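Just so it is clear, the model here is predicted, and its values are computed rather than measured. Chain letters run A, B, ... following the sequence lines, proteins first, then strands; residues in each count from 1.
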Amino acid sequence: MAYWLMKTEPEAFSLEDLQARGQEPWDGIRNYQARNFIRSMAVGDGVFIYHSRVAVPGIVGAATVASTARPDPTQFDPQSHYYDPGSSLEKPRWDLVDVAYRCSFAQCISLESLRHMPEFAESPLVRKGNRLSILPITESQWQHVLQLAEHTEAS
DNA sequence: GCCAACGTTGGC
DNA sequence: GCCAACGTTGGC
């Protein structure tokens, strides 16, 4: 069992969209490091959903990895924004996994608050200029954020 | 909307 | 294989 964080711009695809659909293919990943993380995901892995490019960026809820990696069909589609002419059906470059909705936090765990947590001191998430859209989360990071989220929900 | 920081591309 | 130019990410 591993844990991950996936960033998304809610204007493009939000946690609310995932909630409405229940499960979605997480397509459009076009970064090799993120792609490699996708390839090491297993069904049942925990996923934090992070909203970027908003007034208060942060972790807004959780999801579950619902499939192992498979080729992202948008890379083959000339009509798609994510089309990659350098990719082919024989040798696909980009993969995706399906992600299933788990829960929405009553209050977002903001980037600002993550910066103050010792658990995240070493995380690329809080480093300036970080552009990784998918990154691994340690078990202690996972537990800590979940506990915080439950706490804000109770009060 | 701005712009720093980054990853990728392509000429050489 | 270097590295400048370019496009994109994402906090602010």
- prompt: Nearest nucleotide by nearest heavy atom, which residue falls closer to the 5' end of DNA chain B, A:Lys128 or A:Arg53?
  reply: A:Arg53
message: In this structure, how many angstroms lie between the C1' atom of C:dG7 and the NE2 atom of A:His81, rounded?
response: 11 Å
message: Just the rounded figure in Å: distance from P of B:dT9 to CZ of A:Arg93.
response: 6 Å
field: Presence of A:Lys7 side-chain N/O under 4.0 Å of C:dT9 phosphate oxygens OP1/OP2
entry: no
field: Phosphate OP1/OP2 of C:dT8 contacted by A:Tyr82 side-chain N/O (<4.0 Å)
entry: no
task: In whole angstrom, give the distance that lies between atom CZ of A:Arg30 and atom P of B:dT9.
output: 12 Å
- request: Show your reasoning for whether salt bridge (Lys or Arg N to Asp or Glu O under 4.0 Å) applies to A:Asp98 and A:Arg70.
  value: CA-CA 9 Å; A:Asp98 293 295; A:Arg70 58 188 161 86; 2.8 Å; yes
field: Distance, rounded to the nearest Å, where A:Ile134 contributes CD1 and B:dG7 contributes C1'
entry: 16 Å
field: Nearest heavy-atom neighbours spanning A:Pro10 and A:Asp17
entry: O-OD2, 4.4 Å
- prompt: Roughly how many Å is it from CG in A:Asp84 to C1' in B:dT8, rounded to a whole number?
  reply: 12 Å
task: Look only at the side chain of A:Lys7 and the backbone of A:Ile49, and say whether a donor-acceptor pair between them is shorter than 3.5 Å.
output: no
task: Tell me what A:Arg115 touches on the nucleic acid: a base, only sugar-phosphate, or nothing, going by heavy atoms under 4.0 Å.
output: sugar-phosphate
message: I'd like to know if the side chain of A:Ser123 reaches the main chain of A:Val126, judged simply by a donor and an acceptor atom lying under 3.5 Å from each other, with no hydrogens or angles considered.
response: no
query: Please give, in whole Å, the distance from C:dT9 P to A:Met6 CE?
result: 16 Å
- line: To the nearest angstrom, the CD1-P distance between A:Ile29 and B:dT8 comes to 13 Å
query: Counting side-chain heavy atoms from CB outward, which of B:dA4, C:dG10, C:dG11 is closest to A:Leu111?
result: C:dG11
query: Roughly how many Å is it from CG in A:Leu132 to P in C:dG10, rounded to a whole number?
result: 9 Å
